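Here the structure is a predicted model, which means the values were calculated and not measured. Proteins come first, then strands; the chains are lettered A, B, ... in the order of their sequence lines, and each starts at number 1.
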Number of protein chains: 2
Amino acid sequence: MVLKAARKPALGGQECDMSGWDGGNCPVRDVIDRIAGKWSTLLLEALSRRPYRFGELRRLVPDISQRMLTQTLRDLQRDGYVEREVFPTKPPSVEYRMTDLGRSLFEPLSKVLQWAEKNHPSVKAARAKYDESELA
Amino acid sequence: MVLKAARKPALGGQECDMSGWDGGNCPVRDVIDRIAGKWSTLLLEALSRRPYRFGELRRLVPDISQRMLTQTLRDLQRDGYVEREVFPTKPPSVEYRMTDLGRSLFEPLSKVLQWAEKNHPSVKAARAKYDESELA
DNA sequence: GAACGTTAGTCTCAAAAAGAGACTAGCGCT
DNA sequence: AGCGCTAGTCTCTTTTTGAGACTAACGTTC
């Protein structure tokens, strides 16, 4: 795991150069920062199941604003994770579907979601413990 | 994968109830929204390698503000991913180390980071293609 | 012995991002 | 003729983030 565009570590595998990080020059950050948003994961999860239209996604995730839905979909499209297809009906309908690149990303990503589901109780417990010790 | 606190799906495994999502009642979102930040992943990656002190982390990630470093570390600590230990020297030094829960989260998470590193070229290519078709 | 650097933050103010909701256009339905 | 449907965009307000000064007590330097 190399986090900066960097020379190979002396001894292989798990080495990771973190010295001299700058946001603009780190490939991992370049990719991660885009999918790390609150909504990206959610939309990728949805689109991993089947294609959806704009309005369907909006109804699916009731607390996203139209503005952020548009913007997040554009970002995902730009990075090659989803495709946008316009059907020239009147009014036009637009379908978003996951690409192969998107699927290949979602494979490891879904493991994190599964972790989250499984370990939610532990996290809630940790929060409770922290909050209790804080107000003391 | 159940994304809402929901009844078991009729046929097991890959089923996922996304109807009637509300942010506050979805365990996966509850967990993901906290680690989805721009800085969380970065700090988890660092702390997965070894414990670090506050100032070390600040130097390691030069473009994080002290404010966000404090806040992100507190969030990670609250959710049980990192521990904070104060050494009563003068001036006091504070060490942050990853917990077992944090390590168990970082296992799938690191797969996503590896994906990002590996597929950075594809993503950059997709961006270039998108940007080109946009300005046309 | 006075000035400076060190520590891990907090505080304030400015800038950027996100949320809420009105508004668009063209067609079908009643 | 008026209403609703579509996928957005535009504007305004609120929230989040960033930049940087400030703290306090000690060690080192001049």
Query raised in the report: Over how many whole Å does the gap from B/D63 atom CG to D/dA19 atom C1' extend?
Result: 13 Å
**Report entry** B/R53 vs B/R67, nearer the 5' end of DNA chain C by closest nucleotide
**Finding:** B/R53
Report task. Carefully, step by step, assess B/L42 and B/T72 under the rule side chain to side chain contact (heavy atoms under 4.5 Å, CB included). Result -> CA-CA 10 Å; B/L42 222 48; B/T72 308; over 6 Å; no
**Report entry** A/L69 CG - D/dG8 C1' separation (whole Å)
**Finding:** 10 Å
Query raised in the report: To the side chain of A/F54, which of D/dA7, D/dG18, D/dT17 is closest?
Result: D/dA7
Report summary line: A/M68 atom CE is separated from D/dG8 atom P, nearest whole Å, by 15 Å
**Report entry** Heavy-atom contact window of chain B on DNA chain C, given 5' to 3' at under 4.0 Å
**Finding:** C/dT6 to C/dT12
Query - Below 4.0 Å: OP1/OP2 of D/dG8 and any side-chain N or O of A/R84 - result: yes
Query raised in the report: CD of A/E95 versus C1' of D/dG8: gap in Å, rounded?
Result: 17 Å
Requested in this report: Please name the residue in the list A/L69, A/V82, A/I35, A/L60 that meets the side chain to side chain contact (heavy atoms under 4.5 Å, CB included) test with A/L43.
Outcome: A/L69
Query - NZ or CZ of B/R58 within 45° of B/F54 ring axis and under 6.0 Å - result: no
Query raised in the report: Whole Å only: how far is the CZ atom of B/F87 from the C1' atom of D/dC26?
Result: 19 Å
Requested in this report: May I ask you to check whether over 12 heavy atoms, not counting those of B/E95, lie within 6.0 Å of atom CD?
Outcome: yes
Query raised in the report: Quick one: on DNA chain D, does A/P91 or A/R74 contact a more 5' nucleotide (nearest heavy atom)?
Result: A/P91
Query - Nucleotide D/dT17, atom C1' - distance to CD of B/Q71 in whole Å - result: 8 Å
Query raised in the report: In terms of hydrophobic clustering (I, L, V, M, F, W, Y; side-chain heavy atoms under 4.5 Å; direct or indirect links), are A/V94 and A/L47 co-clustered?
Result: yes
Report task. Calculate, to the nearest 0.5 Å, the distance between atoms CZ and CG belonging to B/R103 and B/L44 respectively. Result -> 10.5 Å
Query raised in the report: Looking at CG of B/D100 and CG of B/L105, how far apart are the two atoms once the value is rounded to the nearest 0.5 Å?
Result: 12.5 Å
Query raised in the report: Contact class for A/Y96 (heavy atom, under 4.0 Å): base, sugar-phosphate, or nothing?
Result: sugar-phosphate
Report summary line: Atom CD1 of A/I64 and atom P of D/dG8 are separated, to the nearest Å, by 13 Å
Query raised in the report: Given atom CD of A/E85 and atom C1' of D/dT6, what is their separation to the nearest angstrom?
Result: 16 Å
